[in-house]
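Numbered from 1 within each chain, the chains take letters A, B, ... in sequence-line order.
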Protein chains: 2
Amino acid sequence: MLQKPRGTRDFLPEEMEQRREIEWRMRKCARGWGYREVCTPTFESQELYTIRSGEGIINEMYTFEDKGGRKLALRPEGTAAVLRMYVNEGKVLSKPIRWCYLSDCYRYERPQKGRYRQFWQFGAEQIGADTPAGEAEIILLANDLLKASGVTFDLHVGHLAPMKHILRDLADGDKKAVMALLDKHNFEGLKNYLDSINASGLYESLEKLAGCRTIEEAIEICGDFPGMERMAELISVLDSQKLEYKLDLGIVRGLDYYTGMVFEGFANNLGAENQIIGGGSYRLAHLFGGEDVASCGFGIGFDRVMVSLGEFEPERSPVVSVVYTPDVKGRAFEVAAEFRKAGINTELNLLERGMGAQMKHAARTSEYVAVIGNREAEAGTVTLKNLESGEQKEYSLDEAVAEVK
Amino acid sequence: MLQKPRGTRDFLPEEMEQRREIEWRMRKCARGWGYREVCTPTFESQELYTIRSGEGIINEMYTFEDKGGRKLALRPEGTAAVLRMYVNEGKVLSKPIRWCYLSDCYRYERPQKGRYRQFWQFGAEQIGADTPAGEAEIILLANDLLKASGVTFDLHVGHLAPMKHILRDLADGDKKAVMALLDKHNFEGLKNYLDSINASGLYESLEKLAGCRTIEEAIEICGDFPGMERMAELISVLDSQKLEYKLDLGIVRGLDYYTGMVFEGFANNLGAENQIIGGGSYRLAHLFGGEDVASCGFGIGFDRVMVSLGEFEPERSPVVSVVYTPDVKGRAFEVAAEFRKAGINTELNLLERGMGAQMKHAARTSEYVAVIGNREAEAGTVTLKNLESGEQKEYSLDEAVAEVK
């Protein structure tokens with residue numbers, strides 16, 4: 001038997017309806033903040049991803065050459081393609097640009113719980129503001145989106161400015177190594193690494209910074225630092241909106257391209273793989289041949305949000321099943337069409353089977369059964385049965401439609 | 001400057017909103033008929049497509065090996081994957097199964113007007129009915145879906161039974177060759193081919209059949225044929241519903257796997273590439289290792305429908321832009337949050353610029369401007385300007401929200 005490829009999923013209607021419900025809540029919420037949806041191709045030039053992340057990322061991507069020899073990759077995340085689109089098409093648009101998207105992404109990873117080779121990311125990017133207000137908006141939007149989905153989560157907001165200040169005298173390679181160790185909370189490795197580059201003196205500040213929860217503490221640890229006022233203003237806007245979050249100056253994020261503000265969110269009911277959002281401020285457009293423009297944004301792990309929410313019953317309208325005797329088929333189609341015109345979801349019997357079998361099938365999918373026998377067809381009526389109450393009554397077609405509505 | 005891959009598209013918000021609007025009309029219409037949405041992976045085993053269409057299809061697909069050596073292909077159309085999903089997961093479901101989907105599909109074709117390398121198909125499949133009522137439903141649903149989208153079109157309904165009857169004595173290879181020529185309306189080639197296999201006697205019937213518009217004519221041309229009663233019943237159901245269509249017994253369809261009913265639809269305002277839907281009855285599940293089950297379905301060329309519709313303004317709620325003086329930023333964020341809570345799309349100024357520049361930007365995106373200056377912030381009021389009428393008035397926050405709603 002042919003199977004779906006390893007690490008991918010099929011979605012049956014029950015799950016799909018849950019996903020569409022959450023997707024629409026998110027889209028509507030983003031629209032409420034002025035973030036309008038865009039869409040980019042599923043594959044892009046490999047270069048788009050190697051420019052930013054180095055050749056190493058090729059090992060984690062689905063890559064291929066098309067028949068014209070172009071080196072392509074299925075997108076491993078949403079931001080790069082959206083910024084490439086901005087470089088190609090968005091420069092004439094008035095700033096700030098506010099875009100959101102729901103992108104399916106692909107990574108060649110070992111499949112495991114909550115990790116799939118095709119997965120979905122709901123993202124938002126804000127391009128061209130470069131202000132604390134803009135950064136605050138992205139964080140507040142992320143918070144609203146997650147709330148709209150119904151998930152419960154903890155939000156951690158950080159900023160790279162103090163850490164960059166502490167590391168300011170290190171060589172670029174050492175900075176990267178140190179930040180990678182901090183990202184993994186590997187303090188033993190950090191200590192050893194700093195010893196090895198004769199920078200042991202930084203260890204205490206870095207360890208303290210990772211545990212610090214206010215900007216005042218941060219200033220105490222590393223003195224006045226560039227960007228301090230801006231960071232303070234961001235925090236003051238967030239606090240003025242009574243956002244529930246934890247200031248976490250230990251956040252580094254795997255990607256080394258963030259320029260200042262960074263944030264992460266964690267679902268309360270997931271295990272080790274509980275991060276459901278990551279974002280921050282960054283500059284990317286110039287790498288793709290555009291002007292150097294400040295942007296900020298985030299990606300929500302849509303699949304993890306769905307796991308965190310668990311099963312639920314999306315709102316649905318009642319379904320009517322139309323069952324009938326064989327010689328009044330045309331009338332049954334007409335009755336079904338009338339129910340549908342009134343906005344009622346209506347399933348028509350299609351199999352050549354007796355009334356009993358038709359009723360049995362209807363009971364599995366529907367709230368009402370509309371019976372069309374010879375008498376009803378002749379009289380232009382419908383016998384409507386409410387499957388919950390068991391009540392059954394003959395109505396005119398209009399009355400039957402009104403009864404279900 | 002990095003560019004999107006050849007033959008693919010970026011969608012900016014205006015276009016994306018139009019697409020989402022049509023997509024949702026279709027989804028809602030399909031739901032009204034009991035067709036619920038499913039989703040399959042973007043890539044599948046190459047085998048899924050070569051089993052049905054032969055190795056030749058590899059030249060038209062995006063194919064690649066994953067890092068585990070699996071031969072994969074981006075889906076070139078929607079049906080095969082959905083039937084593979086049925087074989088894997090749908091057998092326990094009660095029949096008939098009614099599924100719909102919106103799948104992005106990929107073909108390595110020469111890009112041209114209305115043809116892209118990534119394109120979208122809205123499809124529906126009905127599995128396990130095998131009745132004229134089931135076939136009629138699929139055609140009526142297709143008609144309703146296209147009407148719901150707003151496109152104007154001609155629907156051609158055909159049936160392969162008479163043609164198969166005429167060709168019954170030919171070898172399989174000859175049948176295929178003849179049907180391919182008929183599909184292209186290449187009657188000269190058909191004549192030559194039939195001459196070459198000593199079957200010239202069939203030419204006249206085939207040519208007549210291609211032009212025939214009633215089942216009575218078909219019977220006149222080829223005598224009683226197997227499946228005649230079933231075809232007549234299908235037609236009688238369609239006619240009882242006053243469906244506007246043309247019976248077209250010249251329809252063959254490129255794919256040779258259709259078993260009986262076939263149909264096609266053509267947009268009225270497109271040029272040579274005007275086919276927007278194709279469908280029919282088929283059997284596929286057994287090729288993928290499942291039981292042999294009758295199905296019928298169709299695929300709508302979503303992109304062509306969009307081209308046919310042209311630009312339109314999707315329904316949208318009014319947008320409020322909140323502009324403010326720098327020292328009342330927190331209050332401005334609060335006011336924006338209150339508008340959003342009431343379901344109003346609200347954009348907040350993010351740039352550090354004067355009131356004049358803020359107003360100018362707002363005029364491009366919004367129907368209302370809510371001004372928060374020092375006086376308004378202190379008094380808890382909002383000066384609301386209606387950008388269409390030019391009217392401007394100071395309101396309490398609640399009143400301002402009510403005014404926009």
Is chain A contacted by the side chain of [X], its backbone, both, or neither, given a heavy-atom distance below 4.5 Å?
{"X": "B:Q241", "answer": "side chain"}
{"X": "B:V87", "answer": "both"}
{"X": "B:E135", "answer": "neither"}
{"X": "B:Y324", "answer": "side chain"}
{"X": "B:I51", "answer": "side chain"}
{"X": "B:Y116", "answer": "neither"}
{"X": "B:N59", "answer": "backbone"}

Most contacts with chain B, counted as non-hydrogen pairs under 4.5 angstrom, among [options]:
{"options": "A:T63, A:T40, A:L351", "result": "A:L351"}
{"options": "A:E352, A:R6, A:K329, A:E137", "result": "A:E137"}
{"options": "A:S317, A:A133, A:G34, A:P132", "result": "A:A133"}
{"options": "A:Q126, A:Q3, A:R19", "result": "A:Q3"}
{"options": "A:K67, A:R117, A:E14, A:E334", "result": "A:K67"}
{"options": "A:D239, A:L348, A:D104, A:D130", "result": "A:L348"}

Heavy atoms only, distances under 4.5 angstrom: which of [options] has the most pairs with chain A? Name it, please.
{"options": "B:D144, B:D66, B:T8, B:N349", "answer": "B:D66"}
{"options": "B:S94, B:A336, B:C100", "answer": "B:S94"}
{"options": "B:R364, B:R98, B:E65", "answer": "B:R98"}
{"options": "B:Y101, B:F11, B:F339", "answer": "B:F11"}
{"options": "B:K242, B:R20, B:E89", "answer": "B:R20"}
{"options": "B:E37, B:M16, B:E347", "answer": "B:E37"}

> Within a strict 4.5 Å, meaning less than it, do heavy atoms of the B:L140 and A:F333 side chains meet?
Replying inline: yes

>> If you define the side chain from C-beta out and look only at heavy atoms, does anything of A:L12 sit under 4.5 Å from B:W99?
In response: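 Yes, side chains in contact.
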
> Does atom CD of A:E47 have more than 12 heavy-atom neighbours, drawn from other residues, nucleotides or ligands, at distances under 6.0 Å?
Replying inline: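 No.
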
>> For A:E291, I'd like to know if atom CD has over 12 heavy atoms of other residues, nucleotides or ligands within 6.0 Å.
In response: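 Check passes, neighbour count above 12.
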
Less than 4.0 angstrom from a charged side-chain N to a carboxylate O is my criterion; do [X] and [Y] meet it?
{"X": "A:E17", "Y": "B:R31", "value": "yes"}
{"X": "B:E44", "Y": "A:K4", "value": "no"}
{"X": "A:R84", "Y": "B:D10", "value": "yes"}

Quick one: what part of [X] sits under 4.5 Å from any heavy atom of chain B, side chain, backbone, both or neither?
{"X": "A:Y62", "value": "side chain"}
{"X": "A:L48", "value": "both"}
{"X": "A:L74", "value": "side chain"}
{"X": "A:E15", "value": "neither"}

Looking only at non-hydrogen atoms, find the nearest pair between [X] and [Y] and report the distance.
{"X": "A:G68", "Y": "B:Y108", "answer": "N-OH, 3.0 Å"}
{"X": "B:R353", "Y": "A:K95", "answer": "NH1-O, 3.8 Å"}
{"X": "A:L350", "Y": "B:P96", "answer": "CD1-CG, 4.1 Å"}
{"X": "A:S240", "Y": "B:G330", "answer": "OG-CA, 3.6 Å"}

If you round to the nearest 0.5 Å, how far is [atom2] of [Y] from [atom1] of [X]?
{"X": "A:L93", "Y": "B:T365", "atom1": "CG", "atom2": "OG1", "result": "12.0 Å"}
{"X": "B:T42", "Y": "A:Q118", "atom1": "OG1", "atom2": "CD", "result": "3.5 Å"}
{"X": "B:K28", "Y": "A:R340", "atom1": "NZ", "atom2": "CZ", "result": "14.0 Å"}
{"X": "A:M85", "Y": "B:R9", "atom1": "CE", "atom2": "CZ", "result": "12.0 Å"}
{"X": "A:R36", "Y": "B:R316", "atom1": "CZ", "atom2": "CZ", "result": "6.5 Å"}
{"X": "A:L2", "Y": "B:S45", "atom1": "CG", "atom2": "OG", "result": "6.0 Å"}

> Ignoring hydrogens and geometry, is there a side-chain-to-backbone donor-acceptor pair from A:T346 to B:W33 under 3.5 Å?
Replying inline: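 Not at all, since once roles are kept as given, no pair shorter than 3.5 Å links the two residues.
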
